[in-house]
K.L.:
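Please see the structure below; I have some questions.
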Amino acid sequence: MAEVHKKGLNAELVMNDLGNCCRSKAVCGKCQQAACAIGYARQCVENYQKEPKKEVPNGTENLPTSDYKAFDEMELEIAIAHILKECKDCKEDHVEDCIINVIRNCYEIGLLGDAQPYEGSSIQYLMHLQSAFPDKAVQIADAYKQ
């Protein structure tokens, strides 16, 4: 049985961010639900709200990596900063299928085109982004500091 997230997850904040990132049926024509990075993250949070568990079963395995929609970059940068603040900086206890990791991966797919490596430290992650995506890293770091 998956363990409950130690400090919980601010599901309301995440759902608000997901709503800000969603392009809506007006833009997409039809909601693709879990086939969309934002839709998949939303489904994960909804499941978490029903039964708060630290891990999403097969969470990273089921990431919709072929979602090529154009999302609002600024909203995704803010959402990544928010989800980094939710991270417990577990370092060597990091689990890829952690709900926070899965949600961050969804944002990364929308913003950066693919999930990025994460080693259990928000600061290390921001340093990775600085070298791989310097223009985006500045915006995410600024939002993270606020």
Side-chain angles (χ1 to χ4, degrees), residues 2-24 26-28 31-49 52-146:
E3 68 181 82
V4 173
H5 211 284
K6 289 180 182 167
K7 293 183 183 176
L9 171 70
N10 185 341
E12 185 178 330
L13 171 71
V14 175
M15 288 300 267
N16 186 50
D17 284 342
L18 290 168
N20 291 339
C21 294
C22 180
R23 301 298 288 177
S24 80
V27 174
C28 295
C31 181
Q32 296 176 333
Q33 299 177 3
C36 164
I38 299 305
Y40 180 68
R42 183 176 279 141
Q43 178 184 11
C44 291
V45 176
E46 287 170 353
N47 290 340
Y48 177 86
Q49 288 174 313
K53 302 277 183 179
K54 179 180 178 179
E55 294 179 39
V56 176
N58 303 313
T60 54
E61 196 175 299
N62 294 324
L63 287 169
T65 55
S66 60
D67 184 12
Y68 300 111
K69 280 191 229 63
F71 293 100
D72 184 313
E73 290 187 12
M74 186 178 76
E75 292 296 344
L76 285 168
E77 291 164 352
I78 292 168
I80 290 173
H82 285 168
I83 204 69
L84 286 175
K85 289 180 182 182
E86 293 295 302
C87 180
K88 309 312 175 221
D89 283 327
C90 51
K91 300 189 182 20
E92 64 275 349
D93 292 330
H94 171 70
V95 177
E96 286 296 307
D97 286 339
C98 168
I99 181 127
I100 291 170
N101 191 66
V102 171
I103 293 165
R104 194 194 66 259
N105 287 163
C106 290
Y107 294 146
E108 293 164 346
I109 290 167
L111 181 65
L112 309 170
D114 202 4
Q116 298 301 303
Y118 190 83
E119 297 177 13
S121 166
S122 296
I123 300 303
Q124 283 181 324
Y125 173 79
L126 289 169
M127 290 180 357
H128 161 74
L129 289 184
Q130 180 61 42
S131 64
F133 305 95
D135 54 328
K136 308 256 188 284
V138 170
Q139 304 303 319
I140 294 168
D142 286 348
Y144 181 76
K145 291 175 194 173
Q146 294 179 357

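Every heavy atom of this structure was used, including side-chain atoms; hydrogens, water molecules and symmetry mates were not. This is a predicted model, so every value here is computed, not measured.
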K.L.:
Do the non-hydrogen side-chain atoms of Arg42 and Cys22 ever get within less than 4.5 Å of each other?
P.N.:
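Yes, side chains in contact.
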
K.L.:
Show your reasoning for whether side chain to side chain contact (heavy atoms under 4.5 Å, CB included) applies to Ile80 and Asp17.
P.N.:
CA-CA 9 Å; Ile80 290 173; Asp17 284 342; over 6 Å; no

K.L.:
Please find the pair of heavy atoms, one from Ala115 and one from Ile109, that lie closest to each other, and give the distance.
P.N.:
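Smallest interatomic distance, heavy atoms only, reads N-CG1, 3.9 Å.
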
K.L.:
Can you give me the closest heavy-atom contact between Gly110 and Leu76, atom names plus distance?
P.N.:
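Shortest heavy-atom contact: C-CD1, 3.5 Å.
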
K.L.:
Roughly how far, to the nearest 0.5 Å, is SG of Cys44 from CD1 of Ile100?
P.N.:
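Between atom CD1 of Ile100 and atom SG of Cys44 there are 12.5 Å.
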
K.L.:
Where do Leu9 and Tyr48 come nearest, in terms of heavy atoms and distance?
P.N.:
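Looks like N-OH, 3.0 Å.
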
K.L.:
For the OG1 atom of Thr60 and the OH atom of Tyr118, what is their distance to the nearest 0.5 Å?
P.N.:
15.0 Å

K.L.:
Can you tell me how far CG of Leu111 sits from CD1 of Ile78, rounded to the nearest 0.5 angstrom?
P.N.:
11.5 Å

K.L.:
Judged by atom type as modelled, is there a donor-acceptor pair below 3.5 Å linking the side chain of Asn58 to the main-chain atoms of Glu61?
P.N.:
no

K.L.:
Can you tell me how far CD of Gln43 sits from SG of Cys36, rounded to the nearest 0.5 angstrom?
P.N.:
11.0 Å

K.L.:
If every non-hydrogen atom of Cys28 is compared with every non-hydrogen atom of Lys69, which pair is closest and at what distance?
P.N.:
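Residues Cys28 and Lys69, closest heavy atoms: SG-CD, 3.3 Å.
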
K.L.:
Which distance, rounded to the nearest 0.5 Å, do you find between the CG of Leu129 and the CD of Gln139?
P.N.:
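Output value for this atom pair is 12.5 Å.
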
K.L.:
Quick one: does Tyr107's side chain get under 4.5 Å of Leu18's, heavy atoms only?
P.N.:
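Side chain of Tyr107 against side chain of Leu18, heavy atoms only: contact under 4.5 Å found.
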
K.L.:
With side chain to side chain contact (heavy atoms under 4.5 Å, CB included) as the criterion, how do Ile83 and Tyr144 come out once you've worked through the C-alpha distance, each side chain's angles and the decisive distance to 0.1 Å?
P.N.:
CA-CA 9 Å; Ile83 204 69; Tyr144 181 76; over 6 Å; no

K.L.:
Can a side-chain donor-acceptor contact be found between Glu96 and His94 if the only test is distance below 3.5 angstrom?
P.N.:
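Yes, a side-chain donor-acceptor pair sits under 3.5 Å.
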
K.L.:
Assess whether side chain to side chain contact (heavy atoms under 4.5 Å, CB included) is satisfied between Asn101 and Val95, documenting all intermediate values.
P.N.:
CA-CA 8 Å; Asn101 191 66; Val95 177; over 6 Å; no

K.L.:
Given 3.5 Å as the limit, does a donor-acceptor pair link the side chain of Gln116 with the main chain of Asp114, or not?
P.N.:
yes

K.L.:
Whether the side chain of Lys91 engages the backbone of Ser121 through a donor-acceptor N/O pair (distance < 3.5 Å, no angle test) should be reported.
P.N.:
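No; judged by distance alone, with no hydrogens or angles, the pair does not exist.
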
K.L.:
Working to the nearest 0.5 angstrom, can you tell me the gap between Glu108 CD and Ile103 CD1?
P.N.:
12.0 Å

K.L.:
More than 12 heavy atoms of other residues, nucleotides or ligands under 6.0 Å from CD of Glu119: is that the case?
P.N.:
no

K.L.:
Take Tyr40 and Val56 through the side chain to side chain contact (heavy atoms under 4.5 Å, CB included) test and state the conclusion after the steps.
P.N.:
CA-CA 11 Å; Tyr40 180 68; Val56 176; 4.1 Å; yes

K.L.:
Please give me the minimum heavy-atom distance between Cys21 and Ile38, naming the atom from each residue.
P.N.:
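Nearest heavy atoms, Cys21 then Ile38: CB-CD1, 3.7 Å.
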
K.L.:
Quick one: closest heavy-atom pair of Ser122 and Cys87, and the distance?
P.N.:
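The pair with the smallest heavy-atom distance is OG-CB, 4.0 Å.
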
K.L.:
Regarding Glu86 and Arg104, does a basic nitrogen lie under 4.0 Å from an acidic carboxylate oxygen?
P.N.:
no

